[in-house]
Amino acid sequence: MKVSIIIRTKNEERWISDCLKAVFSQEFTDFEVIIVDNESQDLTLAKVRQFPVKTVVTCTDYLPGKALNIGIEQAEGEYIVCLSGHCIPTNSAWLGNLVEAMGTPDVAGAYGRQEPLSFTPDTDKRDLLIVFGPEKKIQCKDSFFHNANSIIKRDLWEKFPFDSQTSNIEDRLWAQTVQAHNFKIAYEPEASVYHYHGIHQDGNKTRCRNVVKILETMNSQNGIQSVNVRDFNIVSIIPVKGNPMPFQGKNLFEYTLEHSLTSRFIKKTVISTDNSTIADTAREKGADFAFLRDKSLSEDYVGLEKVYKHAINRLQEKAVIPDIIVLLQITYPFRDRQLIDNMILNLVLKGLDTILPSRIETNAIWTEDEQGIKRVTDGFSPRKYQAPIHLSYKGLCCVTRPAFILNEEIFGSNIGFFQIDNPYSCVEIRTEKDCRIPEILEQ
């Protein structure tokens, strides 16, 4: 047998008859067809039985590479063609053109063109028209390869089977492997199929996220992996009002100052205070700057965004231009030492405007106003079915961009949450009564 065609299906009753009609109408006839079905619940298999396929095998717990490997194990062909059950060859020369693309010994695999249908969603139509052009290509380093319409050599599959564990792009992983062994990938536009949903499945976000994760592991130089957090000028701002209470032998603000000074990524630590004694102490304890601010900025009705803005303006006077700002309040002496750096890393690697520490609350949350008491959370459904409510602790640590603070906003629109694992990090010390909390916890 020259060619074995492996067709993966799951609930393809809309497409499978047209797919198989086109396959069994090929001018090149030395082939067998093997169906690998992912537990279809519709009429897919009933329609498959109307065609002279060699066999149908079932793949449970579907993964793309696993399904192909199961099918190829049943195959007898010198070449293996991979075809999706919703792809339809556009003409009778499709299979012959795929085989012809394998004509040189250094070509490990080839993939064909994918064309949209008239009713393909515009985003998929755009992607198919851009990616699958009219010119043939030989790829030595570019590992793009697509198993919706492809062909590989059986003997190479014996050496390099598809990854049975990966959730996506098993084709690109395989291409990368064979290219590392000096083989090439061919693109043959004359071996064309219609593909309704295209290569990005109408912008499926979950699929996109999984693909990106795998691509980033394939090449550590991709995108954000090349960003070095240490290249950023990261500055912390700690506001101190009046003379904070003593707590376990120290002034309360000293705990937060130490947290900032022990960060691997914070380059400058700023104390903003209305108390000259606190400013002097902060400098003695290692603060890079201790700015005295006017007491009008300490009034109860003045928001901290104005205090932070004042500090950034003072930094600019000192020719210090921060890229990232870490906002820390002194009432959280129990924050984990790694919290600040982990949040900075998350902000940079995820490209966020702002990141906040949070805990997920599943208990009922209510508000009260002049019209009465209202429940904020959803109904009375079991907790595991409720949308998560994030309780954020911006005083514990807020990592953001200076541009927002200069606009007195603090938060950007692209906000992320960093989940707090240690509940004690959220404990605040604000009153004399709070100072007894460590004593109570020890009991």
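Computation of the quantities below employed the complete heavy-atom set of this structure, encompassing side-chain atoms and omitting hydrogens, waters and symmetry-equivalent molecules.
Between Ile325 and Tyr308, the closest side-chain pair of non-hydrogen atoms is not below 4.5 Å. Taking the side chain as every heavy atom from C-beta outward, Val193 and Trp94 approach each other to under 4.5 Å. Within the 4.5 Å cutoff, the side chain of Ile312 has no heavy atoms near those of the Val235 side chain. Taking 4.5 Å as the limit, every side-chain heavy atom of Ile185 sits out of range of all side-chain heavy atoms of Tyr187. Looking at Leu304 and Gln329, their side chains come closer than 4.5 Å, going by heavy atoms from C-beta outward.
Residues Leu117 and Lys125 approach most closely at O-CE, 3.5 Å, considering heavy atoms. Between Val3 and Val81, the shortest heavy-atom distance links the atoms CG1-CG2, 3.6 Å. Taking both residues in full, the closest heavy atoms of Lys10 and Ser40 are given as CA-OG, 3.3 Å, listed atom of the first, atom of the second, then distance. Scanning both residues, Asp231 and Asp323, for their nearest heavy atoms gives O-OD2, 4.4 Å. Across every non-hydrogen atom of Ser413 and Asp353, the tightest pair is N-OD2, 3.2 Å. Listed here is the closest heavy atom pair of Arg172 and Ser143: NH2-OG, 3.4 Å.
In summary, the side chains of Glu428 and Tyr332 do present a donor paired with an acceptor at a separation below 3.5 Å, with no hydrogens or angles considered. For the 3.5 Å distance criterion, the side chains of Thr58 and Asp37 fail to qualify, holding no donor opposite an acceptor.
Other residues, nucleotides and ligands place no more than 12 heavy atoms under 6.0 Å from the CD atom of Gln165. Surrounding NZ of Lys268 are at most 12 heavy atoms belonging to other residues, nucleotides or ligands under 6.0 Å away. Other residues, nucleotides and ligands place more than 12 heavy atoms under 6.0 Å from the NZ atom of Lys47. Other residues, nucleotides and ligands place more than 12 heavy atoms under 6.0 Å from the CD atom of Glu258. Heavy atoms from other residues, nucleotides or ligands lying under 6.0 Å from NZ of Lys54 number more than 12. The environment of CG in Asp61 is sparse: at most 12 heavy-atom neighbours from other residues, nucleotides or ligands sit within 6.0 Å. In Lys267, the NZ atom is crowded: over 12 heavy atoms of neighbouring residues, nucleotides or ligands sit closer than 6.0 Å. No more than 12 heavy atoms of other residues, nucleotides or ligands sit less than 6.0 Å from atom NZ of Lys159.
Every residue meeting the ring-ring contact (aromatic ring centres under 6.0 Å, His included) condition with Tyr255, not counting sequence neighbours, appears here in chain and number order: Phe247.
Between the side chain of Thr44 and the backbone N or O of Glu13, at least one donor-acceptor pair lies under 3.5 Å. With hydrogens and angles disregarded, no donor-acceptor distance shorter than 3.5 Å links the side chain of Glu170 to the backbone of Asn147. Between the Lys137 side chain and the Pro189 main chain, no donor and acceptor come within less than 3.5 Å of each other.
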Apply the test side chain to side chain contact (heavy atoms under 4.5 Å, CB included) to residues Phe289 and Arg314: give CA-CA distance (whole Å), side-chain angles for both, the deciding distance (0.1 Å), then the verdict. CA-CA 10 Å; Phe289 300 100; Arg314 290 293 306 276; over 6 Å; no

Pair Glu27-Ser92, side-chain hydrogen bond (donor to acceptor under 3.5 Å, both in side chains): steps then yes or no: CA-CA 6 Å; Glu27 298 168 10; Ser92 60; 2.8 Å; yes

For the pair Leu328 and Ser260, evaluate side chain to side chain contact (heavy atoms under 4.5 Å, CB included) and give the outcome as yes or no after the intermediate values. CA-CA 8 Å; Leu328 303 168; Ser260 177; 4.0 Å; yes

Give the intermediate values and the outcome of salt bridge (charged side-chain N to carboxylate O under 4.0 Å, His left out) for residues Lys184 and Asp106. CA-CA 6 Å; Lys184 299 175 182 177; Asp106 60 347; 3.2 Å; yes

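Of the candidates Glu305, Lys309, Arg401, Leu406 forms a side chain to side chain contact (heavy atoms under 4.5 Å, CB included) with just one, namely Lys309.
Because its NZ or CZ atom is both nearer than 6.0 Å to the ring centre of Tyr196 and within 45° of the ring axis, Arg14 counts as a cation-pi partner of that residue.
For Phe132 and His195, the gap between ring centers reaches or exceeds 6.0 Å. You'll find the ring centres of Tyr111 and Phe144 inside the 6.0 Å limit.
Here Glu188 pairs with Lys136 in a salt bridge; the nearest charged N to carboxylate O distance falls below 4.0 Å.
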